[in-house]
Number of protein chains: 2
Amino acid sequence: MPLALATAGLGPALNAGPAPAARLRQDGAQDGAAAGARRRFEAEEEIYAEGDRVVHFYKVVSGAVRTYRLLSDGRRQIDGFHLPGDIFGLEAGAERRTGADALVDTTLVAHRRSDRAALTGEAGALAHEVAAAMLRALERAQDHMLLLGRKSAKERVASFLLGLARRSGTEGTIALPMSRADIADHLGLTIESVSRSFTQLEREGVIALANHRRAVEVQDRAALRRLDA
Amino acid sequence: MPLALATAGLGPALNAGPAPAARLRQDGAQDGAAAGARRRFEAEEEIYAEGDRVVHFYKVVSGAVRTYRLLSDGRRQIDGFHLPGDIFGLEAGAERRTGADALVDTTLVAHRRSDRAALTGEAGALAHEVAAAMLRALERAQDHMLLLGRKSAKERVASFLLGLARRSGTEGTIALPMSRADIADHLGLTIESVSRSFTQLEREGVIALANHRRAVEVQDRAALRRLDA
DNA sequence: CGCGGTTTTGAAGCAGTTCAAGTAGCGTGG
DNA sequence: CCACGCTACTTGAACTGCTTCAAAACCGCG
C-alpha cells in the first residue's frame with residue numbers, strides 16, 4: 001500500500017491555504033514521529049527526476065521548488081512552483097512522472113510515502129495536510145488548464161502574479177525566486193513574451209519591477225484582477 | 001466533514017485504468033449500500049453548474065460527460081471528458097468550481113458526497129475507486145497542462161485521439177461523442193484548427209474520418225505515437 | 001575592467017485565429 | 001418523397017499575437 005489518506009475534517013484545512021511557517025514548525029515540534037527528515041538543497045539542485053522510484057514526499061520549509069514534465073525534444077512544462085508550507089511529490093505510481101528541483105537554496109522535510117505512522121496518527125494532522133494538498137493540487141491544475149488553454153500572454157502573467165501574491169502572503173512586493181525561463185515554461189510562453197508582458201504591465205503602471213527584476217511591486221491590483229478575468 | 005478517502009491498496013486500482021463496465025455492474029450488485037441512485041441525462045443536459053452546492057459525485061454508467069470552467073467573457077476550457085467507468089464531480093469545497101453536462105444521452109450513478117457508509121465500508125471498494133479517481137484526475141491534468149502549454153495543434157489532436165482510444169478501449173474505430181467545439185475547448189484551439197488538424201491527419205493516412213465525422217479510425221498508430229512525443 | 005549569464009528590446013516570420021463562404025447530413029413539412 | 005432550412009463541419013484567405021532570431025543592455029563577479 002503506497003499511500004494512505006484520510007480527509008476527516010478536511011473542509012477547514014482546504015480553505016486555509018498554505019500553512020503558515022509558524023504552524024509548520026509547531027507540527028514538527030509537537031509530533032516527533034510525524035516529523036520527517038530535514039533535507040537541504042542548493043539553488044538549481046535536483047530533488048528527483050522523472051523515472052526515479054518514489055520514496056518520499058516533501059513539504060517546503062524555506063526556499064522554492066519547481067516540478068515539471070518534459071517532452072522528448074526538451075520542451076518543458078512546469079506544472080507548479082512550491083513555496084514554504086506547500087506539499088509536493090505525492091505520486092500514485094511507483095515511478096516519478098514529474099521532475100523536481102530547487103529554485104534557490106531550499107530546506108524541505110521529507111516523509112516516507114509508506115510511513116503510515118506519520119499519516120494515520122490519532123490526530124492525523126499530516127494526513128489532513130496531505131489530503132488537502134492533493135485536492136489543492138487538482139484545483140490549481142484546473143485553474144492552470146484554463147490559463148494555458150484560453151488566456152492571452154498578458155492575462156497569463158497577471159494571473160501568475162496574483163496567484164503568487166496570494167500564496168506568498170506578502171503584501172506589496174512579491175519575490176520571484178524563478179527565472180524568466182521558468183515563468184515561461186510555467187505559462188506556456190517564451191521568455192521574450194514573458195519579458196514583454198512584464199514590460200507592458202510596468203509601462204501601464206500596473207506593476208513595478210524591482211530588485212534586479214527578481215521582484216514585482218503590485219501598484220494597481222484592480223487592473224491585475226481585471227486581466228485575471 | 002465533506003469527504004472521506006482511503007487509499008489502502010490503491011496501487012493496483014490506479015494502474016487498472018477505467019473500470020470496465022462489467023466490473024462496474026458487479027460493484028453495484030454486490031454492495032447495495034454503496035450503490036447510489038441511477039440518474040439519466042439527455043444529450044446536452046446540464047448535470048451541475050459552476051457555483052452550485054456540491055451534493056453528489058458521479059460515476060458514468062453509459063454515455064459521456066464534459067466538465068469545464070468558464071472565463072467571464074465566455075471563453076471555455078473543458079478540463080475533461082468522462083467515459084463509462086469514470087468518476088467525476090469530486091470537489092473539495094462546498095461550491096462547484098466547474099460545470100458538467102452530458103454530451104449524449106447518459107446514465108450516471110450519483111453518490112452523496114457525505115455518504116460515509118459508501119466510502120468507508122469494510123471492503124471500501126468505492127473508497128478505493130474514489131481515491132484512485134482523484135489521483136488519476138491529477139495525472140491527467142498534468143498531462144493536459146503539458147499538452148496545452150507546449151504542444152502544437154497537430155500534436156494536441158494526436159494526443160487527444162490516442163488518449164481517447166486507450167480510454168474507450170475500442171480497437172480500431174474511436175467514437176467521438178463530442179463536437180468539434182468541445183474538442184477545441186478541450187485542446188485550447190478553435191474549431192477550425194481542430195478541423196484542419198483532422199483533415200491533415202486524414203490526408204497523411206494517419207486516420208480516417210467515419211460515421212459523419214463523429215468517429216475516427218486509427219490507421220497508423222505509430223505516426224500518432226510519434227506526434228505524441 | 002571585462003567576462004558570462006540573464007533580461008530586455010527589435011525585427012521578421014509563422015502557427016493558429018478570425019472572418020467568410022461553401023458543403024454535407026438530417027429533420028420537417030408540404 | 002423531395003424541397004427547405006438548420007446545424008455542424010470543412011475550406012479558403014487575410015490577419016495577428018506570439019515566436020524566432022538577433023542584438024543590445026544590465027549586472028554580478030572574478
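In what follows, chains are A, B, ... by sequence order, proteins preceding strands, each numbered from 1.
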Item to check | Length of the line joining A:Leu209:CG and D:dC26:P, which is rounded to integer Å | outcome: 14 Å
Item to check | Geometric class of the B:Tyr58/B:Phe88 ring pair [parallel <30°, tilted 30-60°, perpendicular >60°] | outcome: parallel
Checklist entry - Under 4.0 Å between a side-chain N or O of A:Thr190 and OP1 or OP2 of D:dT19? => result yes
Next on the checklist: Measuring from atom CD of A:Glu139 to atom CZ of B:Arg97, what distance do you get when rounded to the nearest 0.5 angstrom?
Outcome noted: 4.0 Å
Next on the checklist: Distance check needed: D:dT7 P versus B:Ile191 CD1, whole Å only.
Outcome noted: 14 Å
Checklist outcome for this item: Here the residues of residues 195-205 of chain A within 4.0 Å heavy-atom distance, strictly under, of DNA chain C are A:Ser195, A:Arg196, A:Thr199
Item to check | Derivation of the salt bridge (Lys or Arg N to Asp or Glu O under 4.0 Å) call for A:Glu91 and A:Arg53 | outcome: CA-CA 10 Å; A:Glu91 203 107 19; A:Arg53 282 201 59 202; over 6 Å; no
Checklist entry - Do A:Asp101 and A:Tyr68 get their side chains close enough for a donor-acceptor pair, meaning under 3.5 Å? => result yes
Next on the checklist: Show the nearest heavy-atom pair for residues A:Leu227 and A:Lys154, with the distance to one decimal.
Outcome noted: CD1-CE, 4.1 Å
Checklist outcome for this item: Shortest non-hydrogen pair, A:Ile78 vs A:His186, comes out as O-ND1, 2.7 Å
Checklist entry - Taking CZ from A:Arg150 and P from C:dG16, how many angstroms apart are they, rounded to a whole number? => result 13 Å
Item to check | Side-chain H-bond candidate by donor/acceptor type, B:Thr107 with B:Arg40, under 3.5 Å | outcome: yes
Checklist entry - Under 4.0 angstrom, heavy atoms only, what part of the nucleic acid is B:Arg214 near: base, sugar-phosphate, or nothing? => result sugar-phosphate
Checklist entry - Which parts of residues 173-186 of chain B get close to DNA chain C, meaning a heavy atom less than 4.0 angstrom away? => result none
Checklist entry - Would you say B:Glu45 has more than 12 foreign heavy atoms packed within less than 6.0 Å of its CD? => result yes
Checklist entry - Shortest non-hydrogen contact from A:Arg113 to A:Gly93? => result NH1-O, 2.8 Å
Item to check | Rounded distance (Å) that lies between atom C1' of C:dG16 and atom CD of B:Glu155 | outcome: 14 Å
Item to check | Atom-to-atom span, NE2 of A:His212 to P of C:dG4 - whole angstrom | outcome: 21 Å
Next on the checklist: Given D:dA8, D:dT10, C:dT17, identify the nucleotide with an atom nearest to the side chain of B:Arg213.
Outcome noted: D:dT10
Checklist entry - Could you state the CZ-P distance from A:Arg156 to D:dC18, rounded to the nearest angstrom? => result 8 Å
Item to check | Distance in angstrom units between B:Lys154 NZ and C:dC14 P, rounded | outcome: 17 Å
Next on the checklist: If I take atom CG in residue A:Asn211 and atom C1' in nucleotide D:dG28, what distance separates them, rounded to the nearest angstrom?
Outcome noted: 13 Å
